[in-house]
Amino acid sequence: MKNMIETHSLTKTVKSITLVKDIDFAIGKGEICGFIGPNGAGKTTVMRMLTGLIKPSKGTVKINGFDINVDRRQALKGIGAIVESPVFFEYMTGRKMLLNLARLHDLTGTQKTKKSGRGA
């Protein structure tokens, strides 16, 4: 089974404080996992490293076989994440927010979207 997400010795240090140290795990295609732990355990820090929002101090993150520090665009191509609290704009429908995100990432026109019964 091919691993979709894989980390090796993933570590994040800020100044002299180690936030996470030597995290190793693999998630295979089709697996569903939870990432749990107490406040301050480093869950958000790991998620930020997995999504390329922050760079690891040490170690590697591979997504679908692509190292996020070597081939970031390919690694992040097939993922989406909301880290911490999502931001919703009350004046936009869900569909409009998704279309706005697609525009930000130059994804408009790459796939046809099926309209629901509700207006965009």
Side-chain angles (χ1 to χ4, degrees):
M1 178 186 288
K2 182 178 181 180
N3 290 326
M4 297 307 290
I5 301 174
E6 200 173 326
T7 68
H8 297 284
S9 299
L10 195 60
T11 300
K12 182 63 180 177
T13 304
V14 176
K15 297 185 182 178
S16 61
I17 301 169
T18 301
L19 303 176
V20 293
K21 184 176 179 182
D22 295 325
I23 305 290
D24 293 305
F25 66 85
I27 302 171
K29 185 175 183 173
E31 290 184 324
I32 299 171
C33 300
F35 202 45
I36 59 173
N39 289 344
K43 299 178 302 292
T44 300
T45 300
V46 171
M47 291 302 295
R48 287 179 176 161
M49 288 189 284
L50 291 176
T51 57
L53 295 173
I54 61 174
K55 193 170 186 172
S57 302
K58 181 182 113 180
T60 59
V61 172
K62 288 186 179 181
I63 299 177
N64 203 18
F66 296 100
D67 187 317
I68 200 164
N69 289 319
V70 175
D71 199 351
R72 179 185 170 96
R73 188 174 201 92
Q74 275 301 116
L76 297 178
K77 192 175 182 178
I79 68 167
I82 298 174
V83 181
E84 292 291 331
S85 300
V87 176
F88 297 108
F89 301 104
E90 292 180 21
Y91 61 90
M92 293 175 123
T93 64
R95 187 173 199 287
K96 282 184 180 178
M97 282 191 277
L98 289 173
L99 288 171
N100 188 48
L101 284 171
R103 279 188 216 103
L104 288 172
H105 295 283
D106 198 28
L107 298 174
T108 55
T110 57
Q111 292 182 342
K112 297 285 183 192
T113 57
K114 188 186 282 188
K115 283 193 175 185
S116 67
R118 298 179 185 160

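Note that the numbering runs from 1 along the sequence shown for the chain. Only heavy atoms go into these numbers, but all of them, side chains included; no hydrogens, no water, no symmetry mates.
- Proximity of a side-chain donor or acceptor of T18 to a complementary backbone N or O of T13 within less than 3.5 Å is not detected.
- Open room surrounds NZ on K62; 12 or fewer heavy atoms of other groups in view lie less than 6.0 Å from it.
- If you chain together hydrophobic residues whose side chains sit under 4.5 Å apart, F66 and L53 never meet in one group.
- Both V61 and I79 sit in one connected hydrophobic cluster of ILVMFWY residues. Membership requires side-chain heavy atoms under 4.5 Å apart, directly or through other members.
- The structure places CG of L98 at 11.0 Å from CZ of R103, a figure rounded to the nearest 0.5 Å.
- Between the side chain of K2 and the backbone N or O of G28, no donor-acceptor pair lies under 3.5 Å.
- Under the 4.5 Å side-chain heavy-atom criterion for grouping Ile, Leu, Val, Met, Phe, Trp and Tyr, F25 is connected to I54 within one hydrophobic cluster.
- You'll find the side chain of M4 stays beyond 4.5 Å of the side chain of I27, heavy atoms only.
- In this structure, T60 OG1 and L10 CG are separated by 7.5 Å, a value rounded to the nearest 0.5 Å.
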Item to check | Stepwise side-chain contact (heavy atoms from CB on, under 4.5 Å) check, I68 with L76 | outcome: CA-CA 7 Å; I68 200 164; L76 297 178; 3.4 Å; yes
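- No side-chain heavy atom of P56 sits less than 4.5 Å from a side-chain heavy atom of K12.
- The line from CD of Q74 to CG of D67 is 13.0 Å long, rounded to the nearest 0.5 Å.
- Side-chain atoms of M47 and L50, non-hydrogen and from C-beta on, do get closer than 4.5 Å to each other.
- Formation of a donor-acceptor pair under 3.5 Å by the K43 side chain with backbone atoms of F35 is not found in this model.
- One N or O on the side chain of T11 and one on the backbone of D22 form a donor-acceptor pair closer than 3.5 Å.
- Side-chain contact between M49 and V20: present, with at least one pair of heavy atoms (C-beta onward) separated by less than 4.5 Å.
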